[in-house]
There are 2 protein chains.
Amino acid sequence: MENFTFYSPTYFSFGDGAESQAADLVRRFGGSKVLIHYGGGSVMRNGVYDKVTSALSAGNIPFVSLGGVQPNPRASLVYEGIRLCRAESVDFILALGGGSTIDSSKAIAAGVPYDGDFWDFVTGRAHLSATLPVGTVLTISAAGSEGSNSCVITKDEGMLKWAFPGNDLLRPKFSILNPRFTCSLPPYQTACGITDMMAHILERYFTNTPEVEVTDRLCEGLLKAVLHAAGEVMADPQSYSARSDLMWAGMLAHNNLCGVGREQDWASHRIEHELSAVYDCAHGAGLAVIMPAWMEYVLPHDPARFAQFAVRVWGCEMDYSHPERTAREGIARFRAFLRSIGMPTNFRELGAREEDIPKIMEHERLKGEVHEGHFVPLGDADVEAILRLAARSN
Amino acid sequence: MENFTFYSPTYFSFGDGAESQAADLVRRFGGSKVLIHYGGGSVMRNGVYDKVTSALSAGNIPFVSLGGVQPNPRASLVYEGIRLCRAESVDFILALGGGSTIDSSKAIAAGVPYDGDFWDFVTGRAHLSATLPVGTVLTISAAGSEGSNSCVITKDEGMLKWAFPGNDLLRPKFSILNPRFTCSLPPYQTACGITDMMAHILERYFTNTPEVEVTDRLCEGLLKAVLHAAGEVMADPQSYSARSDLMWAGMLAHNNLCGVGREQDWASHRIEHELSAVYDCAHGAGLAVIMPAWMEYVLPHDPARFAQFAVRVWGCEMDYSHPERTAREGIARFRAFLRSIGMPTNFRELGAREEDIPKIMEHERLKGEVHEGHFVPLGDADVEAILRLAARSN
């Protein structure tokens, strides 16, 4: 285990009806006037907006609203949010939605007290040292942004999808997690969320750090719980228990509990960011296409770890004479699982084309990084090879 | 899953050398003058006291010291600590030690800003609403107090061992976790710690709440990681990796990550408290005697859950025709494991006597509770039966 620090001071209120505490929580964490930030009309249709604003009004917390967050949230709306917060003297941001809305809220919270362009935090030109407090009311179990120290924003020009450097200031002060709010999600979005949370665990699971049994076991246990809930929720989308498991697992998958003290990879996420920049596809769907291809490509680096993944997570029988066969079986089961919940696992199913790979690589090179990932550092040729594997997979 | 809140705002700095940050952390969390609280001479002998006080001095943080914390920490020393903090205008308490020292520190921190007797918080006569901030430098992996919201103190007269009601104000502001500090612990104390952290998980694991797959998997994963590290540390007490796993697992076992959204039991802990009140035995050793006896007694209540425990944690083969046989095998393996790390598993090995059971029951009745535990609510006759099972076990 490597040295690490872990600081997760978010207050979680979990369960049916938890949103009734919204005003108390805003006040407890220093807010007196709120920006409610949300996406499209779903929070209007499913009653979340009404429930939360009623709770704020009952608690005498004034608010203004800003909707319109898109998947792959755009910088342009962040600038608009910053202007609105300043004009309205907002001192607390309450995100109603999933990862995109929460990330957009975090970026606004970072930008309000900063004199320059908030994009400076993304490029590293400035270091984030103060933010407005952020709270969340989660409506999609997926991104884990409700408990994480991360934030990804897409610059409208050229669809540059870049992440803030991890910073504990980006952790929400509180998150209200009502699984009931996710019961109306359509199957495709539910499956994208399941894929995203699994990817958050797997990016941490594949590591070169030796002696990481505690976090290995947490990763494997969470993955098994997600698989269990996935089967249930696909059969019965209204299942409160499956929605509960997914909601809590999605948070745990990305608050870094599973990643402390170990080198993490993140190549698949970074490659997927270029894919969704080119196609504006759902992040989870892009990951479903990229992760298994990445696994096949890097398997020879550490077949034992992939065999452990196959046995402990997928229940494969260990082939002690041929560990790499077990390893391949684990990847095959992962891909079969993704397909079973309706995810694409190749370019065709995603609506992507092998001919576009040069365009995706162009985006990739814009980042100016020499390599992606840490489990196996990948140069351009490796990234391209993974994209071709993903394109051609059956 | 039941509704819950989870708030674990402790900052953890983990790894070899982490104590060098002591002054920065004290200052970050509002301290300007520190009480260093510790137990016997071990922190002097193993250099922890010197390292921490050097770090404080280098950071210009003045401090006073109070040693003498005993296992099953006494109220008398808490009163002394409260007087000292007031006399010296201390505004931050830094615990150097294990659970007893941390609990003693938490009780002092609760008592300083309170006009009455701190014991009022234990009896429920007063509600805890303010404390001094507490930091910890952990030297024993066991109690989990470094991340927990709990605190247990023993009243000198009559050895009444009682707990504060759980309160997030009792969570330390920071905890410095350097596994190296635990490498010199003797095997018996190491084994007591392993038993204690396993018990913290098991008290949460045995529940009547249905549909708790995420926390089940976290419990099981942590238990497996502890078993793995236990084997390693018993063979090689200097193993930094095993000490690391135990240190982090001990925190996770008791910060309630494994217990959210589910009814918890805690009967074994409460029965053990009376045992250690009568014999002043190590808490872990008492738990090793009580827990398997408790399991045997309550098994008929839910054989399926005990079978799950046997299969998932102990790798037992499921006997589908006779689940209770699998369940019994799991308990047998648990007891065999405890014995393998040198723990007592009956009264004789603990130095207790069956003839003393009336005396233990007298203590039990002093609490004035109608029953203990939630998985199976236990009346006096049940508690006595469990004690007899524990006394007579081979």
Side-chain angles (χ1 to χ4, degrees), chain A residues 1-18 21 25 147 168 171 173-179 210-229 232 239-252 255 257 260-261 312, chain B residues 1-18 21 25 147 168 171 173-175 177-179 210-229 232 239-252 255 257-258 260-261 312:
Chain A
M1 210 186 291
E2 297 169 1
N3 286 10
F4 67 85
T5 62
F6 182 68
Y7 186 48
S8 171
T10 305
Y11 181 95
F12 296 100
S13 180
F14 188 103
D16 202 0
Q21 299 158 15
L25 288 171
D168 285 330
R171 294 193 192 259
K173 295 294 178 197
F174 69 79
S175 283
I176 289 172
L177 309 181
N178 181 348
E211 313 288 359
V212 285
E213 189 69 8
V214 171
T215 35
D216 268 7
R217 291 288 185 185
L218 294 179
C219 288
E220 290 154 358
L222 262 188
L223 284 168
K224 289 178 100 144
V226 170
L227 294 182
H228 178 86
E232 199 179 326
S239 165
Y240 182 78
S241 75
R243 294 290 186 184
S244 298
D245 278 344
L246 290 176
M247 193 164 237
W248 192 234
M251 193 290 286
L252 294 171
N255 80 335
L257 187 85
V260 294
R312 290 194 184 169
Chain B
M1 206 187 294
E2 296 170 359
N3 286 10
F4 66 86
T5 63
F6 181 68
Y7 186 47
S8 170
T10 306
Y11 180 96
F12 296 100
S13 181
F14 189 103
D16 202 1
Q21 299 159 16
L25 288 172
D168 286 330
R171 295 192 191 259
K173 295 293 179 197
F174 70 79
S175 283
L177 308 181
N178 181 348
E211 313 287 1
V212 286
E213 188 71 7
V214 170
T215 36
D216 268 7
R217 290 288 185 185
L218 294 179
C219 288
E220 291 155 356
L222 261 187
L223 285 168
K224 289 178 100 146
V226 170
L227 294 181
H228 178 87
E232 198 179 328
S239 165
Y240 181 79
S241 75
R243 294 290 188 183
S244 299
D245 277 344
L246 290 176
M247 193 165 237
W248 191 234
M251 192 291 286
L252 294 171
N255 80 335
L257 187 83
C258 292
V260 294
R312 289 194 184 170

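Every value quoted in this text rests on a predicted model; they were computed, and no experiment measured them. Letters A, B, ... are given to chains in the order of the sequence lines, protein chains preceding strands, and every chain is numbered from 1.
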Would you say that more than 12 heavy atoms from the other residues, nucleotides or ligands in this model lie under 6.0 Å from the NZ of Lys173(A), or not? no
In terms of heavy-atom pairs under 4.5 Å, which option from Ala229(B), Ser13(B), Pro210(B) contacts chain A the most? Ser13(B)
What part of Phe174(A) gets within 4.5 angstrom of chain B, counting heavy atoms only: side chain, backbone, both, or neither? neither
Atom pair CG (Asn255(A)) and OG (Ser8(B)), whose distance is rounded to the nearest 0.5 Å: 9.5 Å
Restricting to ring pair (Phe, Tyr, Trp, His ring centres under 6.0 Å), what partner residues turn up for Phe4(B), sequence neighbours left out? Phe14(A), Trp248(A)
Kindly write out the residues that satisfy salt bridge (Lys or Arg N to Asp or Glu O under 4.0 Å) with Glu213(B), not counting sequence neighbours, or none if the list is empty. Arg217(B), Arg312(B)
Indicate yes or no: at least one non-hydrogen side-chain atom of Leu257(B) is less than 4.5 angstrom from one of Leu252(A). yes
If you round to the nearest 0.5 Å, how far is OG1 of Thr215(B) from CG of Asp245(A)? 7.5 Å
Got a second to check how far Ser244(A)'s OG is from Met1(B)'s CE, nearest 0.5 Å? 5.0 Å
For residues Val226(A) and Val214(B), determine if any side-chain heavy atom of one lies less than 4.5 Å from a side-chain heavy atom of the other. no
Spatial distance of atom NZ (Lys224(B)) from atom CD (Glu220(A)) [nearest 0.5 Å]: 8.5 Å
One should read off an interatomic distance between Asn178(A) CG and Asn3(B) CG, to the nearest 0.5 angstrom, of 8.0 Å
Go through it in stages, so that I can follow the logic: the residues are Thr5(A) and Tyr11(B), the test is side chain to side chain contact (heavy atoms under 4.5 Å, CB included), and I'd like the CA-CA distance, side-chain angles, deciding distance and then a yes or no. CA-CA 7 Å; Thr5(A) 62; Tyr11(B) 180 96; 3.3 Å; yes
